[in-house]
2 protein chains.
Amino acid sequence: MPAKKYHHGDLKNALIKAGVGILSKDGVGGLSLRKVAKKAGVSHSAPYAHFADKQALIAAISTEGFKHLYTELDAAVSPYSSDPRQQLIEGAWAYAQFATNNTDTFNIMFSGVLEKEKDYPAFVEISRKTFERVVEIIKACQDAGVLRPSPPELMAVSVWGQVHGIISLALEGQISHTVLDRFTLRDILLFALDSNVGRD
Amino acid sequence: MPAKKYHHGDLKNALIKAGVGILSKDGVGGLSLRKVAKKAGVSHSAPYAHFADKQALIAAISTEGFKHLYTELDAAVSPYSSDPRQQLIEGAWAYAQFATNNTDTFNIMFSGVLEKEKDYPAFVEISRKTFERVVEIIKACQDAGVLRPSPPELMAVSVWGQVHGIISLALEGQISHTVLDRFTLRDILLFALDSNVGRD
DNA sequence: CTAAAATCTAGACAGTGTCTAGTTTAAAAT
DNA sequence: ATTTTAAACTAGACACTGTCTAGATTTTAG
């Protein structure tokens, strides 16, 4: 058992970790700097040595969330390097899984909670990188004739937007029961992707 | 100039209106019951005569937002009753316009700020009605052969999800500059809808 | 006209983000 | 090795928040 030291040693990461914990327990509205500090075992003003303000901590949590998302997305897609259509499907499904397993992190990443994303270079970088990974998948699909020719970034926004939108609506409880009673979220995503992929 | 009366007369609506004002000035994070009360010219605890808590006011604002959205959507679509494809396009565009002109209201409606939507029947009702309006458009498109045959509600979720997702990502600043430099939001939406509508 | 209900005010409480001043420790400079 | 400096942390304060209570005022019902 390590005796309590005045200096934590790795408080910054501990705060991010504590933040994720509070977030998934109490939701976005229940996330407070003071709770995070308490959970990390430091005084209520200690976080200010590592984060300029609450937004900065939120940015760090969001950045971590994006890294997590990127990892899961990449892991889901990589096994199908010879089957672009399956990459699309499994990528979308990984996205959905991440969102449903980390609802509040997903919310913090995409729901306007972080107010000035541009101010946080690490956040910008990982979200750029994630988008580029999507573009790669799209390009592979286009090369294989699975998606129609077009500027790949444009197609990426179109397809990503669709997947993102459907999942967001699902999390928000906005998908009608007349649909949810008959189709799973995976069914819905497959149907949606088919619209882009073309009819068989 | 009407002398100040002890009873406001229509405080409930005044609070909702004040709330919308604060929301569009200070954003979701800047919305507080006390500010709203002050703006409406009543004491800080007066709102509790009309709303159980802050969430209830947020629900009312969201409900008002949905009514607004429904009106704009319907108005944009109605003129094209003989051209389902145009209904789709103008409906999507009206949705985009609403979102960009009322960013924070849109956020409150769709970004998990309202935590228990189910508890607010008026909110559930207007969002159901809005979805049904979308389904109508989809049906018209399917009858005209503009959209492929399928359960219309499923197609509605797919198309609505796409439009909603693209707009959400745009508001969130998540659409890459490599895309935004070359395409307007309308271009992107048209491209996305084309994926569903079929190729010409 | 009176009783009850609805509407509003004022005060209090715990919790919040953030600031300042000071304390402890680690790192750097001599 | 010792001193200086900077980093990490604590404690206290402030204004602001949501919400509760008790009481005042006005409207509505019986």
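Note that the coordinates shown come from a computational prediction; the quantities given were computed from them, not determined experimentally. Sequence lines set the chain letters: A, B, ... in the order given, protein chains first and strands last, and positions in each chain run from 1.
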Over how many whole Å does the gap from [X] atom [atom1] to [N] atom [atom2] extend?
X     : N      : atom1 : atom2 : result
B/K54 : D/dC20 : NZ    : P     : 15 Å
B/L33 : C/dC8  : CG    : C1'   : 15 Å
A/N13 : D/dA8  : CG    : P     : 13 Å
B/D10 : C/dC8  : CG    : C1'   : 15 Å
B/K38 : C/dT9  : NZ    : P     : 13 Å
B/L15 : D/dG18 : CG    : P     : 13 Å

Hydrophobic clusters here meaning ILVMFWY residues chained together by side-chain heavy-atom distances under 4.5 Å, can you tell me if [X] and [Y] are in one?
X      : Y      : answer
A/Y80  : A/I138 : no
A/F183 : B/L147 : yes
A/I108 : A/V124 : no

TODO: Give me the ring orientation class for A/Y95 and A/W160: parallel if the planes are under 30° apart, tilted from 30 to 60°, perpendicular past 60°.
DONE: perpendicular
TODO: Nearest-nucleotide wise, let me know which of B/L11 and B/R34 is further upstream toward the 5' end of DNA chain C.
DONE: B/L11
TODO: Answer with base, sugar-phosphate or nothing: what part of the nucleic acid does A/K35 contact at a heavy-atom distance below 4.0 Å?
DONE: sugar-phosphate
Open item on the list: Would the distance check show the side chain of A/K116 and the main-chain N or O of A/Q55 forming a donor-acceptor pair, the cut-off being under 3.5 Å?
Closed with: no
Open item on the list: Closer than 3.5 angstrom, by distance alone: can the side chain of B/S111 be matched with the main-chain N or O of B/V113 as a donor-acceptor pair?
Closed with: no
TODO: Report yes if the distance between the aromatic ring centroids of B/H68 and B/F106 is under 6.0 Å, otherwise no.
DONE: no
- [ ] State yes or no: are the ring centers of A/F110 and A/F66 separated by less than 6.0 Å?
- [x] yes
Open item on the list: As a check on the pairing definition, encode DNA chain D in dot-bracket form, counting Watson-Crick and G-U wobble pairs whose two distances are under 3.5 Å, and using | for partners outside this strand.
Closed with: ||||||||||||||||||||||||||||||
TODO: Determine, stepwise, if the pair A/K129 / A/E132 fulfils salt bridge (Lys or Arg N to Asp or Glu O under 4.0 Å).
DONE: CA-CA 5 Å; A/K129 188 178 165 191; A/E132 272 196 7; over 6 Å; no
Task: Nucleic acid contacts of residues 42-51 of chain B, taken as heavy-atom distances under 4.0 Å to DNA chain C - done: B/V42, B/S43, B/H44, B/S45, B/A46, B/H50
